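Computation of the quantities below employed the complete heavy-atom set of this structure, encompassing side-chain atoms and omitting hydrogens, waters and symmetry-equivalent molecules. The structure displayed is predicted, hence computed values, not measured ones.
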Amino acid sequence: IPGVSIDGMDVIAVYETMVNAVDRARKGGGPSFVECMTYRFKGHYIGDPAVYRTSQELEEWKKKDPIERLKKSLKKNKILSAKDIRKIEAEMLNKVREAEVFALNSPEPGAEDAFHGVYEQFV
């Protein structure tokens with residue numbers, strides 16, 4: 001299995017790598033192993049004091065934020081304007097809010113649903 005380690009904070013690099021891996025698999029070349037080196041900005045759980053890293057380390061990684069890097073690249077290469085990006089962000093925020101309302105207004109799933117959409121696909 002071919003493997004590659006990439007900058008998982010680079011949206012374009014991840015996209016291109018995955019397009020190649022999927023294309024290879026679809027042509028019968030088999031699986032690929034892709035290691036995306038990333039950084040988790042939040043702790044392991046809500047309220048995690050994250051004493052295992054310094055605020056300086058976190059600030060350095062925030063400079064590599066994949067979304068901010070992509071927005072800068074799109075603007076720099078004149079693919080999207082700041083206005084276009086704001087519009088997309090507003091649309092996505094609305095979709096997230098709609099999903100949140102749907103989830104909060106939906107009944108709790110029962111235990112019989114624990115494997116729905118997961119387990120039976122592989123049986």
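Scanning all heavy atoms of the two residues, the minimum distance from V14 to G8 falls at CG2-CA, 3.8 Å. Contact detail for I85 and K75: the closest heavy-atom pair is CD1-CG, 3.6 Å. Listed here is the closest heavy atom pair of I6 and V34: CD1-CG1, 4.1 Å. Smallest separation of non-hydrogen atoms from P66 and F41: CD-CE1, 4.5 Å. Contact detail for M37 and S5: the closest heavy-atom pair is CG-OG, 3.6 Å.
Counting heavy atoms from C-beta outward, S81 and R86 have side chains that stay 4.5 Å or more apart. Taking the side chain as every heavy atom from C-beta outward, I88 and L80 approach each other to under 4.5 Å.
Going from atom CG of L58 over to atom NZ of K42 covers 9.5 Å, rounded to the nearest 0.5 Å. Within the model, atoms CD of E16 and CG of D10 stand 8.0 Å from one another, a figure rounded to the nearest 0.5 Å. The CD atom of E68 lies 3.5 Å from the NZ atom of K71; values are rounded to the nearest 0.5 Å. Rounded to the nearest 0.5 angstrom, D113 CG and E108 CD are separated by 11.0 Å. Within the model, atoms CE of M18 and OG of S32 stand 8.0 Å from one another, a figure rounded to the nearest 0.5 Å. Rounding to the nearest 0.5 Å places CD of E59 at 11.0 Å from CD of E57.
Classification of R40 and D48 as a salt-bridged pair fails, no side-chain N sitting under 4.0 Å from a carboxylate O. With salt bridges taken as basic N to acidic carboxylate O contacts below 4.0 Å, one links E60 and K63. Ion pairing between a basic and an acidic side chain is recognised when a charged N comes within 4.0 Å of a carboxylate O; K27 and D23 show such pairing.
Under the 30°/60° scheme for interplanar angles, the aromatic rings of W61 and Y39 are found to lie parallel.
Around atom CZ of R26, no more than 12 heavy atoms belonging to other residues, nucleotides or ligands sit under 6.0 Å away. In the displayed structure, M92 atom CE is contacted under 6.0 Å by more than 12 heavy atoms of other residues, nucleotides or ligands. Within 6.0 Å of CZ on F102 lie no more than 12 heavy atoms contributed by other residues, nucleotides or ligands.
Tracing side-chain contacts under 4.5 Å through hydrophobic residues (I, L, V, M, F, W, Y), one never reaches Y15 starting from M9; they form parts of separate clusters. Cluster membership check: I79 shares its hydrophobic cluster with V11, using side-chain heavy-atom separations under 4.5 Å among Ile, Leu, Val, Met, Phe, Trp and Tyr.
In summary, the side chains of T17 and N20 do not present any donor paired with an acceptor at a separation below 3.5 Å, with no hydrogens or angles considered.
Here the options are E91, E89, R97, the test is side-chain contact (heavy atoms from CB on, under 4.5 Å), and the partner is L93; only R97 passes.
Within the 3.5 Å criterion, the main-chain N or O of P31 finds a donor-acceptor partner in the side chain of R24.
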